[in-house]
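Down below is the structure, laid out as structure tokens.
Along the sequence shown, the residues carry numbers beginning at 1. For clarity, every value in this text was computed on a predicted model and none was experimentally measured.
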Amino acid sequence: MLSTLTDVLKIAEEKQIAIGAFNTPNLESLCAVIAAAEELDLPVIVQFAQCHEPLMPLEIIGPIMVDHAKKAKVPVCVHLDHGETMDYLKTALDMGFTSIMYDGSDRPYEANVQATCQAVQLAAGYNRGVDVEAEIGSMGRREFGDGDGSDDDAKIYTDPDMARDFVERTGIQALACSFGTTHGIYLKEPRLDLNIVRQVREKANGIPVVMHGGSGVSREDFQEAIRAGVRKINYFTYMDKAAGTAVAEWLKGKPAGEPIFFSTMRTLAMDAMKQDVKRAMQTFAMQ
């Protein structure tokens with residue numbers, strides 16, 4: 001069933017868990033995520049990041065995401081991740097997305113506040129409970145995570161007092177904070193500062209905190225972050241890697257000259273993603 005971000009985050013708050021938010025830039029990943037959520041009977045967030053546009057245009061996959069969410073047996077929020085322009089946010093909203101993230105984290109603070117207010121005003125015009133997530137601080141590498149791991153100093157940790165001001169002035173429903181994670185593949189173990197999460201929650205009136213860059217974080221650290229107040233966890237890189245690994249292993253076992261069919265690779269990749277997503281969702285649900 002199609003749900004809002006507020007709907008699923010309310011469930012997370014009541015159960016003291018986090019909701020998994022999985023990027024689905026193709027049909028295989030979308031089907032894998034929803035199948036995993038239905039098997040575990042857990043709410044889920046399917047999302048599309050603007051930087052994934054070269055992989056699959058939003059105008060193609062977006063309506064499919066909304067349609068699959070409506071038909072799902074569990075609550076499914078359809079979310080635009082890391083939207084960078086108002087036009088792109090509007091495109092997603094016109095398709096029926098129930099939540100958007102405006103990412104102005106690389107802009108000066110006041111410019112981020114002003115643009116986020118515009119995003120909130122845009123969402124409010126749809127009169128169907130559209131929610132807005134935004135970000136202050138920075139996780140270094142962007143969503144593709146293709147850096148060389150040398151940019152840890154580029155991370156800008158979220159200031160809890162700034163978070164309070166930001167939430168009060170913008171009226172957002174969820175805040176992505178920087179507290180030690182990085183987008184993409186981890187080349188060294190992350191060091192999380194969960195006091196930032198606790199202080200943001202305390203000072204910003206209990207705002208649901210979003211963890212970006214969750215791939216590679218240990219099960220124990222995920223669950224400590226959830227206990228500290230994280231309620232939405234973005235996850236894509238390791239799910240995508242699981243699909244690639246499954247296909248690579250299958251190809252290694254193929255006798256020379258035997259035909260290779262894309263439909264078989266697609267099925268293997270989809271099942272690998274589903275199993276990886278199920279493990280992540282169980283971790284986020286404190287199971």
Tell me whether Met1 shares a hydrophobic cluster with Val78, the cluster being built from Ile, Leu, Val, Met, Phe, Trp, Tyr side chains joined at under 4.5 Å. no

Hydrophobic cluster mates of Met265, side-chain heavy atoms under 4.5 angstrom, ILVMFWY only, any path? Val247, Trp250, Leu251, Ile260, Phe262, Leu268

With a 3.5 Å distance limit and no angle check, can you tell me whether Thr158 reaches the backbone of Ile136 through a side-chain donor-acceptor pair? yes

Is there a donor-acceptor contact under 3.5 Å linking the side chains of Glu133 and His79? yes

Over all heavy atoms of both residues, which pair between Ala285 and Ile17 is shortest? Give the atoms and the distance, please. O-CG2, 3.6 Å

Working to the nearest 0.5 Å, report the span between CE of Met211 and CG of Asp221. 8.0 Å

Full working for side chain to side chain donor-acceptor pair (under 3.5 Å) between Thr6 and Asp131: CA-CA 7 Å; Thr6 293; Asp131 298 310; 2.8 Å; yes

Strictly by ring-ring contact (aromatic ring centres under 6.0 Å, His included), give each pair with a member in residues 83-126 just once, sequence neighbours left out. none

Take a 6.0 Å sphere around CG of Asp94 and say whether it holds more than 12 heavy atoms from other residues, nucleotides or ligands. yes

pair Phe236-Gln47: side-chain heavy atoms closer than 4.5 Å: no

Is a donor on one side and an acceptor on the other found under 3.5 Å between the side chain of Asn112 and the backbone of Glu135? yes

Could you report the tightest heavy-atom contact between Val167 and Ala204, atom names first, then the distance? CG2-CB, 4.1 Å

Measure from the side-chain N and O atoms of Gln223 to the backbone N and O of Thr283, and report whether any donor-acceptor pair falls under 3.5 Å. yes

Of the non-hydrogen atoms in Ala123 and Val132, which two are nearest, and what is the gap between them? CB-CG2, 3.6 Å

Would Tyr157 end up clustered with Phe166 when hydrophobic side chains under 4.5 Å apart are linked, directly or stepwise? yes

Ring geometry between Phe22 and Phe284 (parallel below 30°, tilted from 30 to 60°, perpendicular above 60°): parallel

Does Phe261 share a hydrophobic cluster with Met270, counting links as ILVMFWY side-chain heavy atoms below 4.5 Å and allowing steps through other members? no

Ignoring hydrogens and angles, tell me if any N or O in the side chain of Arg198 forms a donor-acceptor pair with the backbone of Gly229 under 3.5 Å. no

Is it possible for you to say whether Met101 and Ile61 belong to one hydrophobic cluster, with membership spreading through side-chain heavy-atom contacts below 4.5 Å? no

When you look at Ile19 and Ile233, which way does the side-chain contact (heavy atoms from CB on, under 4.5 Å) test go after all the steps? CA-CA 6 Å; Ile19 306 300; Ile233 298 176; over 6 Å; no

Quick check: do Ile172 and Thr116 have side-chain heavy atoms less than 4.5 Å from each other? yes

Thr98 backbone acceptor or donor facing Thr4 side chain under 3.5 Å: no

Please report, to 0.1 Å, the donor-acceptor pairs under 3.5 Å made by any side chain of residues 32-45, with sequence neighbours excluded.
{"from": "Glu38", "atom 1": "OE2", "to": "Lys73", "atom 2": "N", "distance (Å)": "2.8"}
{"from": "Glu39", "atom 1": "OE1", "to": "Lys278", "atom 2": "NZ", "distance (Å)": "2.8"}
{"from": "Glu39", "atom 1": "OE2", "to": "Lys274", "atom 2": "NZ", "distance (Å)": "2.8"}

Where the side chain of Ser29 meets the backbone of Asn26, is there a donor-acceptor pair that is under 3.5 Å apart? yes

Closest heavy-atom pair and its distance - Val8, Pro75: CG1-CB, 4.2 Å

Counting neighbours of NZ on Lys203 that are heavy atoms of other residues, nucleotides or ligands and sit closer than 6.0 Å, is the number greater than 12? yes

Please check if atom CD in Gln16 has more than 12 non-hydrogen atoms from other residues, nucleotides or ligands closer than 6.0 Å. yes

Which pair of non-hydrogen atoms, one from Pro63 and one from Ile60, has the smallest distance, and what is that distance? CD-O, 3.6 Å

Test salt bridge (Lys or Arg N to Asp or Glu O under 4.0 Å) on Arg164 and Asp161; report intermediate values, then the result. CA-CA 5 Å; Arg164 175 181 58 195; Asp161 290 314; 3.4 Å; yes

State the CD1-CD distance between Ile100 and Gln173, to the nearest 0.5 angstrom. 9.5 Å

Assess, by modelled atom type and distance only, whether the side chains of Asp87 and Thr85 contain a donor and an acceptor separated by less than 3.5 Å. no

To the nearest 0.5 angstrom, please state how far the SG atom of Cys177 sits from the CD atom of Gln199. 11.0 Å

Can you get from Ile11 to Val209 by hopping between Ile, Leu, Val, Met, Phe, Trp and Tyr side chains that sit under 4.5 Å apart? no

Start with the C-alpha gap between Asp276 and Arg279, add the side-chain angles, then the distance that decides, and say whether salt bridge (Lys or Arg N to Asp or Glu O under 4.0 Å) holds. CA-CA 5 Å; Asp276 189 74; Arg279 286 190 290 271; 3.7 Å; yes

Does Arg201 use its side chain to pair, donor to acceptor, with the backbone of Gly206 at less than 3.5 Å? yes

Lys232 and Leu5: side-chain contact (heavy atoms from CB on, under 4.5 Å), yes or no, with the steps? CA-CA 9 Å; Lys232 173 178 180 276; Leu5 186 62; 4.1 Å; yes

For residues Ala272 and Ala242, report the shortest heavy-atom separation together with the two atoms involved. CB-O, 3.6 Å

Salt bridge check: are Glu249 and Lys252 linked by an N-O gap of less than 4.0 Å? yes

Please confirm whether the backbone N or O of Ile64 pairs with a side-chain atom of His68, one donor and one acceptor, at under 3.5 Å? yes

Check step by step if side-chain contact (heavy atoms from CB on, under 4.5 Å) holds for Val210 and Leu175. CA-CA 6 Å; Val210 181; Leu175 180 67; over 6 Å; no

Tell me whether Lys15 at atom NZ has more than 12 heavy atoms from other residues, nucleotides or ligands lying less than 6.0 Å away. no

Go through His82 and His212 one step at a time and tell me if the side-chain contact (heavy atoms from CB on, under 4.5 Å) criterion holds. CA-CA 10 Å; His82 289 283; His212 286 229; 3.0 Å; yes

Determine whether a donor-acceptor pair (N or O, by modelled atom type, separation under 3.5 Å) exists between the side chain of Glu13 and the backbone of Arg231. no

